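Here the structure is a predicted model, which is why all the values come from computation and not from measurement.
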Amino acid sequence: AYERTCRYLCRKTNSVVVCVEYRLAPEHPFPAQFEDCVSATIHFLRTAQDHGVDPSRVVICGDSSGGTLTAAVAQALGKRRDVPKLRAQILIYPFLQCVDFNLPSYQQNKGVPVLLKERTLVLGLKYMNIDQYYIKEMFKGCHVTEDQRLKYKKWVSPDYIPHEFKTRGYKPSPTYPPSQEVCDHIKPLFDPVFSPLLAEDSVIAQLPETFLLTCELDVLRDDGLLYKKRLEDHGIKVTWCHLQEGFHGTV
(Lines give C-alpha, C1' and ligand atoms only; values in the text may rest on other atoms or scores of the structure.)
Protein backbone atom coordinates (compact mmCIF):
# COMPACT_ATOMS: atom_id res chain seq x y z
CA ALA A 1 0.00 0.00 0.00
CA TYR A 2 2.89 2.39 0.70
CA GLU A 3 5.36 1.36 -1.98
CA ARG A 4 4.46 4.18 -4.39
CA THR A 5 4.20 6.76 -1.58
CA CYS A 6 7.67 5.87 -0.29
CA ARG A 7 9.19 5.92 -3.78
CA TYR A 8 7.59 9.34 -4.34
CA LEU A 9 9.05 10.69 -1.08
CA CYS A 10 12.42 9.23 -1.99
CA ARG A 11 12.45 10.94 -5.41
CA LYS A 12 11.07 14.31 -4.32
CA THR A 13 13.32 14.73 -1.26
CA ASN A 14 16.47 13.09 -2.65
CA SER A 15 16.54 10.98 0.50
CA VAL A 16 17.15 7.38 1.47
CA VAL A 17 13.76 6.03 2.58
CA VAL A 18 13.48 2.97 4.80
CA CYS A 19 10.00 1.49 5.24
CA VAL A 20 9.67 -0.75 8.32
CA GLU A 21 7.56 -3.84 7.66
CA TYR A 22 6.61 -4.28 11.30
CA ARG A 23 4.56 -7.25 12.44
CA LEU A 24 0.81 -6.66 12.42
CA ALA A 25 -1.86 -7.04 15.09
CA PRO A 26 -3.87 -8.98 16.11
CA GLU A 27 -1.66 -11.93 15.05
CA HIS A 28 1.26 -10.21 16.75
CA PRO A 29 0.02 -8.47 19.92
CA PHE A 30 1.08 -5.03 21.11
CA PRO A 31 3.85 -3.94 21.63
CA ALA A 32 5.48 -6.08 18.90
CA GLN A 33 4.91 -3.28 16.36
CA PHE A 34 6.63 -0.69 18.54
CA GLU A 35 9.52 -3.05 19.29
CA ASP A 36 10.05 -3.72 15.58
CA CYS A 37 10.10 0.02 14.80
CA VAL A 38 12.52 0.80 17.63
CA SER A 39 14.84 -2.03 16.58
CA ALA A 40 14.79 -0.96 12.93
CA THR A 41 15.44 2.68 13.83
CA ILE A 42 18.35 1.87 16.14
CA HIS A 43 19.87 -0.46 13.55
CA PHE A 44 19.61 2.18 10.83
CA LEU A 45 21.05 4.93 13.03
CA ARG A 46 24.03 2.70 13.78
CA THR A 47 24.55 1.67 10.15
CA ALA A 48 23.41 4.85 8.36
CA GLN A 49 26.80 5.50 6.79
CA ASP A 50 26.67 2.08 5.12
CA HIS A 51 23.71 3.45 3.16
CA GLY A 52 25.35 6.79 2.34
CA VAL A 53 23.36 8.57 5.04
CA ASP A 54 24.60 11.16 7.54
CA PRO A 55 23.46 9.68 10.91
CA SER A 56 22.84 13.20 12.26
CA ARG A 57 20.18 13.82 9.58
CA VAL A 58 17.82 10.87 10.13
CA VAL A 59 14.12 11.74 10.28
CA ILE A 60 11.37 9.29 11.30
CA CYS A 61 7.88 9.56 9.85
CA GLY A 62 4.48 7.88 9.96
CA ASP A 63 0.80 8.48 9.35
CA SER A 64 -2.21 7.47 11.46
CA SER A 65 -1.15 4.50 13.64
CA GLY A 66 2.27 4.90 12.00
CA GLY A 67 2.27 8.41 13.44
CA THR A 68 1.59 6.90 16.85
CA LEU A 69 4.54 4.55 16.41
CA THR A 70 6.74 7.42 15.21
CA ALA A 71 5.91 9.47 18.30
CA ALA A 72 6.54 6.48 20.58
CA VAL A 73 9.90 5.68 18.94
CA ALA A 74 11.03 9.30 19.23
CA GLN A 75 10.13 9.24 22.93
CA ALA A 76 11.95 5.94 23.48
CA LEU A 77 15.15 7.24 21.87
CA GLY A 78 15.09 10.70 23.45
CA LYS A 79 17.35 9.93 26.41
CA ARG A 80 19.54 7.27 24.81
CA ARG A 81 23.20 8.13 24.42
CA ASP A 82 24.29 4.96 22.58
CA VAL A 83 22.79 6.03 19.22
CA PRO A 84 22.83 9.30 17.25
CA LYS A 85 20.00 11.70 18.04
CA LEU A 86 17.10 11.89 15.62
CA ARG A 87 17.10 15.00 13.45
CA ALA A 88 13.29 15.29 13.46
CA GLN A 89 9.97 13.47 13.57
CA ILE A 90 7.09 13.81 11.09
CA LEU A 91 3.65 13.01 12.50
CA ILE A 92 0.80 12.80 9.97
CA TYR A 93 -2.64 12.79 11.65
CA PRO A 94 -1.48 10.51 14.48
CA PHE A 95 -3.58 8.83 17.19
CA LEU A 96 -2.06 10.05 20.48
CA GLN A 97 -4.45 9.64 23.43
CA CYS A 98 -7.22 7.46 24.89
CA VAL A 99 -8.40 9.81 27.64
CA ASP A 100 -11.11 11.82 25.88
CA PHE A 101 -13.17 10.58 22.93
CA ASN A 102 -15.41 13.66 23.08
CA LEU A 103 -12.92 16.33 22.09
CA PRO A 104 -14.33 18.77 19.51
CA SER A 105 -12.85 16.85 16.56
CA TYR A 106 -14.38 13.57 17.79
CA GLN A 107 -17.79 15.23 18.00
CA GLN A 108 -17.57 17.11 14.72
CA ASN A 109 -16.17 14.29 12.59
CA LYS A 110 -17.68 11.18 14.20
CA GLY A 111 -19.38 10.20 10.93
CA VAL A 112 -16.67 11.24 8.47
CA PRO A 113 -15.12 8.33 6.50
CA VAL A 114 -12.77 6.59 6.67
CA LEU A 115 -12.03 6.85 10.36
CA LEU A 116 -15.43 6.94 12.04
CA LYS A 117 -15.41 7.66 15.77
CA GLU A 118 -16.47 4.14 16.73
CA ARG A 119 -14.06 2.57 14.24
CA THR A 120 -11.19 4.43 15.90
CA LEU A 121 -11.88 2.78 19.22
CA VAL A 122 -12.64 -0.64 17.73
CA LEU A 123 -9.31 -0.66 15.90
CA GLY A 124 -7.45 0.53 19.00
CA LEU A 125 -8.95 -2.21 21.17
CA LYS A 126 -8.22 -4.88 18.56
CA TYR A 127 -4.64 -3.64 18.38
CA MET A 128 -4.33 -3.97 22.16
CA ASN A 129 -6.19 -7.32 22.16
CA ILE A 130 -8.84 -5.92 24.52
CA ASP A 131 -12.51 -6.88 24.39
CA GLN A 132 -14.84 -4.25 22.90
CA TYR A 133 -17.61 -4.78 25.44
CA TYR A 134 -17.10 -1.42 27.19
CA ILE A 135 -16.99 0.90 24.16
CA LYS A 136 -20.12 2.86 25.13
CA GLU A 137 -18.75 3.44 28.64
CA MET A 138 -15.45 4.60 27.15
CA PHE A 139 -17.25 7.14 24.97
CA LYS A 140 -18.70 8.56 28.20
CA GLY A 141 -15.28 8.69 29.84
CA CYS A 142 -16.09 6.05 32.46
CA HIS A 143 -12.73 4.34 31.76
CA VAL A 144 -10.70 7.14 33.41
CA THR A 145 -10.15 7.03 37.18
CA GLU A 146 -10.38 10.19 39.27
CA ASP A 147 -6.61 10.18 39.78
CA GLN A 148 -6.04 9.88 36.04
CA ARG A 149 -8.49 12.69 35.34
CA LEU A 150 -6.53 14.98 37.64
CA LYS A 151 -3.20 13.98 36.12
CA TYR A 152 -4.15 14.09 32.45
CA LYS A 153 -6.36 17.18 32.56
CA LYS A 154 -3.26 19.36 32.20
CA TRP A 155 -2.50 17.68 28.86
CA VAL A 156 -5.85 16.48 27.46
CA SER A 157 -8.69 18.97 27.65
CA PRO A 158 -11.00 20.84 25.24
CA ASP A 159 -9.78 23.98 27.05
CA TYR A 160 -6.50 23.71 25.11
CA ILE A 161 -8.17 23.50 21.71
CA PRO A 162 -8.21 26.94 20.02
CA HIS A 163 -11.66 28.53 19.75
CA GLU A 164 -11.74 28.47 15.95
CA PHE A 165 -11.84 24.67 16.05
CA LYS A 166 -14.91 24.64 18.32
CA THR A 167 -17.26 26.73 16.17
CA ARG A 168 -18.55 23.79 14.12
CA GLY A 169 -21.13 22.31 16.48
CA TYR A 170 -19.07 21.46 19.55
CA LYS A 171 -20.83 21.04 22.91
CA PRO A 172 -19.03 20.33 26.20
CA SER A 173 -19.73 16.76 27.31
CA PRO A 174 -21.30 15.85 30.66
CA THR A 175 -19.01 14.21 33.20
CA TYR A 176 -19.83 10.63 34.16
CA PRO A 177 -18.38 8.84 37.20
CA PRO A 178 -15.66 6.28 36.50
CA SER A 179 -16.44 2.57 36.58
CA GLN A 180 -13.77 0.55 38.38
CA GLU A 181 -14.62 -2.51 36.27
CA VAL A 182 -14.10 -0.57 33.04
CA CYS A 183 -10.97 1.17 34.35
CA ASP A 184 -9.38 -2.17 35.23
CA HIS A 185 -10.34 -3.66 31.87
CA ILE A 186 -8.73 -1.02 29.66
CA LYS A 187 -5.79 0.02 31.85
CA PRO A 188 -3.17 -0.90 29.16
CA LEU A 189 -4.48 1.89 26.89
CA PHE A 190 -2.77 4.49 29.09
CA ASP A 191 0.68 3.14 28.22
CA PRO A 192 2.49 6.07 26.51
CA VAL A 193 3.60 3.66 23.79
CA PHE A 194 -0.09 3.44 22.82
CA SER A 195 -0.97 7.01 23.91
CA PRO A 196 2.19 9.13 23.42
CA LEU A 197 0.40 12.31 24.51
CA LEU A 198 0.40 10.85 28.04
CA ALA A 199 4.21 10.66 28.34
CA GLU A 200 5.81 12.48 31.27
CA ASP A 201 7.19 16.00 30.82
CA SER A 202 10.77 14.73 31.15
CA VAL A 203 10.22 12.55 28.06
CA ILE A 204 8.52 15.26 26.01
CA ALA A 205 11.36 17.69 26.73
CA GLN A 206 13.86 15.36 24.98
CA LEU A 207 11.98 15.20 21.66
CA PRO A 208 13.45 16.42 18.36
CA GLU A 209 12.13 19.11 16.04
CA THR A 210 8.70 18.11 14.74
CA PHE A 211 6.57 18.45 11.64
CA LEU A 212 2.90 17.84 12.45
CA LEU A 213 0.06 17.51 9.96
CA THR A 214 -3.61 17.69 10.99
CA CYS A 215 -6.80 17.50 8.93
CA GLU A 216 -9.97 19.43 9.71
CA LEU A 217 -12.28 16.53 8.84
CA ASP A 218 -10.60 13.98 11.11
CA VAL A 219 -11.52 12.69 14.57
CA LEU A 220 -7.79 12.75 15.41
CA ARG A 221 -7.32 16.44 14.60
CA ASP A 222 -7.35 17.50 18.26
CA ASP A 223 -4.84 14.82 19.28
CA GLY A 224 -2.41 16.63 17.00
CA LEU A 225 -3.36 20.07 18.31
CA LEU A 226 -2.85 18.97 21.92
CA TYR A 227 0.52 17.38 21.14
CA LYS A 228 1.59 20.53 19.30
CA LYS A 229 0.86 22.54 22.45
CA ARG A 230 2.79 20.14 24.68
CA LEU A 231 5.83 20.19 22.42
CA GLU A 232 5.81 23.98 22.14
CA ASP A 233 5.37 24.33 25.91
CA HIS A 234 8.70 22.50 26.23
CA GLY A 235 10.45 24.63 23.63
CA ILE A 236 10.38 22.02 20.87
CA LYS A 237 10.24 23.62 17.42
CA VAL A 238 7.04 22.55 15.62
CA THR A 239 6.16 23.11 11.99
CA TRP A 240 2.40 22.67 11.74
CA CYS A 241 0.43 22.10 8.56
CA HIS A 242 -3.37 22.03 8.77
CA LEU A 243 -5.42 20.89 5.79
CA GLN A 244 -8.75 22.70 6.04
CA GLU A 245 -10.43 20.29 3.62
CA GLY A 246 -8.27 17.28 4.56
CA PHE A 247 -9.58 14.00 5.95
CA HIS A 248 -8.00 10.99 7.62
CA GLY A 249 -6.06 8.96 5.06
CA THR A 250 -5.59 11.90 2.73
CA VAL A 251 -1.92 10.99 2.09
Side-chain angles (χ1 to χ4, degrees), residues 1-10 17-47 58-77 80 83 86 89-99 101 106 110 112-139 143 181-199 203 213 215 218-220 223-224 227 247-251:
Y2 281 80
E3 175 84 6
R4 289 181 66 188
T5 302
C6 289
R7 287 180 178 273
Y8 178 85
L9 290 172
C10 190
V17 174
V18 178
C19 188
V20 183
E21 191 175 3
Y22 56 82
R23 290 169 291 170
L24 300 178
E27 294 82 5
H28 300 280
F30 170 90
Q33 300 72 25
F34 166 72
E35 291 167 351
D36 288 353
C37 290
V38 169
S39 297
T41 305
I42 291 173
H43 176 73
F44 187 74
L45 285 167
R46 288 175 173 166
T47 61
V58 175
V59 178
I60 57 174
C61 171
D63 74 313
S64 193
S65 57
T68 312
L69 288 167
T70 299
V73 169
Q75 291 182 3
L77 298 184
R80 291 189 62 145
V83 289
L86 293 170
Q89 61 174 344
I90 296 174
L91 309 178
I92 301 172
Y93 40 75
F95 172 92
L96 296 170
Q97 61 86 29
C98 65
V99 174
F101 297 107
Y106 268 103
K110 62 183 178 182
V112 177
V114 292
L115 195 62
L116 309 178
K117 176 176 175 176
E118 186 165 339
R119 179 176 172 81
T120 306
L121 198 43
V122 167
L123 290 173
L125 292 172
K126 281 186 176 181
Y127 174 44
M128 298 294 284
N129 199 25
I130 294 175
D131 188 88
Q132 301 168 34
Y133 181 76
Y134 296 110
I135 280 183
K136 288 184 178 179
E137 284 79 4
M138 293 177 70
F139 283 149
H143 63 297
E181 181 181 350
V182 179
C183 293
D184 292 343
H185 184 73
I186 61 83
K187 193 174 181 181
L189 298 188
F190 294 96
D191 185 336
V193 171
F194 180 78
S195 297
L197 184 55
L198 308 184
V203 174
L213 184 138
C215 293
D218 182 8
V219 291
L220 301 184
D223 283 26
Y227 205 48
F247 53 89
H248 196 86
T250 198
V251 165

Of all heavy-atom pairs between [X] and [Y], which one has the smallest distance, and what is that distance?
X	Y	value
Tyr127	Leu69	OH-CD2, 4.0 Å
Leu91	Gly67	CD2-O, 3.6 Å
Pro113	Leu116	N-CD2, 3.9 Å

Distance check, rounded to the nearest 0.5 Å: [X] atom [atom1] versus [Y] atom [atom2]?
X	Y	atom1	atom2	result
Lys117	Tyr106	NZ	OH	8.5 Å
Phe95	Asp223	CZ	CG	6.5 Å
Ile60	Leu86	CD1	CG	5.0 Å
Cys37	Glu21	SG	CD	11.5 Å
Leu220	Thr68	CG	OG1	7.5 Å
Asp218	Thr250	CG	OG1	9.5 Å

Do the side chains of [Y] and [X] get nearer than 4.5 Å, heavy atoms only?
X	Y	value
Ile42	Arg80	yes
Thr5	Asp63	no
Phe194	Cys98	yes
Tyr133	His185	no
Leu125	Leu189	yes
Thr70	Pro94	no
Tyr93	Leu115	no

Apply side-chain contact (heavy atoms from CB on, under 4.5 Å) to Cys6 and list each qualifying residue two or more places apart in sequence or on a separate chain.
->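 With sequence neighbours excluded, Cys6 shows a side-chain contact (heavy atoms from CB on, under 4.5 Å) to Tyr2, Val17, Cys19, given in chain and number order.
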Apply side-chain contact (heavy atoms from CB on, under 4.5 Å) to Val122 and list each qualifying residue two or more places apart in sequence or on a separate chain.
->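 In terms of side-chain contact (heavy atoms from CB on, under 4.5 Å), with neighbours along the sequence ignored, Val122 is linked to Glu118, Lys126, Gln132, Ile135.
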Ignoring hydrogens and geometry, is there a side-chain-to-backbone donor-acceptor pair from Gln75 to Pro196 under 3.5 Å?
->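 Checked: pair present.
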For His28, does its backbone N or O pair with a side-chain atom of Gln33 as donor and acceptor, under 3.5 Å?
->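 Yes; judged by distance alone, with no hydrogens or angles, the pair exists.
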Please name all residues satisfying ring pair (Phe, Tyr, Trp, His ring centres under 6.0 Å) with Phe34, sequence neighbours left out, ordered by chain then number.
->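 With neighbours one apart ignored, the set is empty.
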Under the ring pair (Phe, Tyr, Trp, His ring centres under 6.0 Å) test, residues paired with Tyr227 that sit two or more places apart =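 Partners of Tyr227 under the ring pair (Phe, Tyr, Trp, His ring centres under 6.0 Å) test: none.
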side-chain hydrogen bond (donor to acceptor under 3.5 Å, both in side chains) partners for Tyr134, two or more places apart |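 Tyr134: side-chain hydrogen bond (donor to acceptor under 3.5 Å, both in side chains) contacts with Glu181.
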Report the residues that fulfil side-chain hydrogen bond (donor to acceptor under 3.5 Å, both in side chains) with His143, sequence neighbours left out, ordered by chain and then residue number.
->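 Per chain and number, His143 pairs via side-chain hydrogen bond (donor to acceptor under 3.5 Å, both in side chains) with no residue.
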Within 6.0 Å of CZ in Arg46, more than 12 heavy atoms from elsewhere =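 Atom CZ in Arg46 is packed in, count exceeds 12.
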Crowding at CZ, Arg23 (>12 non-hydrogen neighbours, <6.0 Å) =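 Above 12, so yes.
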